[in-house]
Amino acid sequence: MRRPLIAGNWKMNGTKAEATDLLNGIKAGVAGMQKVDVAVCPPFPYLYIAQDLLAESAIAWGSQDVSQEPGGAFTGQVSAAMLKDFGCRYAIIGHSERRQFNGETDALIARKYAQAVSNGLVPILCVGETLEERESGKTEAVVAKHIDGVLDAEGVDAFAHGVVAYEPVWAIGTGVTATPAQAQEVHAFLRQRIASKSKQIADGLRILYGGSMKPGNAAELIAQADIDGGLIGGASLKAADFIAICRAGEDNA
Ligand code: PEP
């Protein structure tokens, strides 16, 4: 049985004061939930606030990226070991915004994934197609390529230590959500791709949906057989909305 995971991706938002308020609000709101795993991924400078405020709670925290290098002369990068030092459990890898705005390739993302795993972080590997790719019937080919980047470089065992997030690019931050059937179809495809190498690892792999998940649509998405939670952008910045989505995960567990 896969435990649902609800993870908030704050992106480049907030101040110290806002991060503190949001974390305190989430902490109070999810206290008592026992069947759902909850995580927040604030910007790098605010990770210490998560470490301070969440240390005694069941809420985990993580980063939005990690360097592909272990350390050294890589100006501006943050290593997996540093993230561990700040208590991170998760690291989002290969988000579509990093693919689009930072030119990240599948090969680079596979190296980041490996760095995360070898340092004891749980990578959340994001995959997903653009609207143009969906409309030209390329959804499966695109998400297969994203998954195969890690599968080919690191082998199927790497997926025993990670989480996948299916995030259709056309649904991120747009208010347009994939229907439960559209999302389920891609999640089943992704699980099958991993199962072709190891059914056991595929059965245990959490595949999250991301793309305008909100309190009003979370329950029906998470109720799908192959949807094991959500990666939440905009709605993770409002404590009440994020808590409501966590509640949907708790109730569907
Ligand atoms: C995301 O960027 O990971 C995301 C899912 O964003 P949103 O929920 O705002 O669509």
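In what follows, every heavy atom counts, from backbone to side chain, and hydrogens, waters and symmetry copies are set aside. Order of appearance sets the numbers: ligands from 1, and atoms from 1 within every ligand. What you are looking at is a predicted structure, and each value in this text was computed from that prediction instead of being measured.
Ring to ring, Phe86 and Tyr46 are not that close: their centroids are 6.0 angstrom or more apart.
Hydrophobic clustering, defined by side-chain heavy atoms of Ile, Leu, Val, Met, Phe, Trp and Tyr closer than 4.5 Å, groups Val176 together with Leu131, Trp170.
Applying the ring-ring contact (aromatic ring centres under 6.0 Å, His included) test to Tyr90 and every residue at least two apart in sequence or in another chain returns nothing.
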Name each donor-acceptor pair under 3.5 Å that joins a side chain in residues 227-244 to protein atoms two or more places apart or in another chain, with its distance.
residue	atom	partner	partner atom	Å
Asp228	OD1	Arg2	NE	2.9
Asp228	OD1	Arg2	NH2	3.4
Asp228	OD2	Arg2	NE	3.1
Asp228	OD2	Arg191	NH2	2.8
Asp228	OD2	Ile207	N	2.9
Ser236	OG	Ile232	O	3.2
Ser236	OG	Gly233	O	2.7

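The immediate protein surroundings of ligand 1, defined as residues with any heavy atom under 4.0 Å of it, consist of Asn9, Lys11, His95, Glu167, Ala171, Ile172, Gly173, Gly210, Gly211, Ser212, Leu231, Ile232, Gly233, Gly234.
Between Phe159 and Tyr113, the ring-plane angle classifies as tilted under the 30° and 60° cut-offs.
Between Phe44 and Asp65, the closest side-chain pair of non-hydrogen atoms falls below 4.5 Å.
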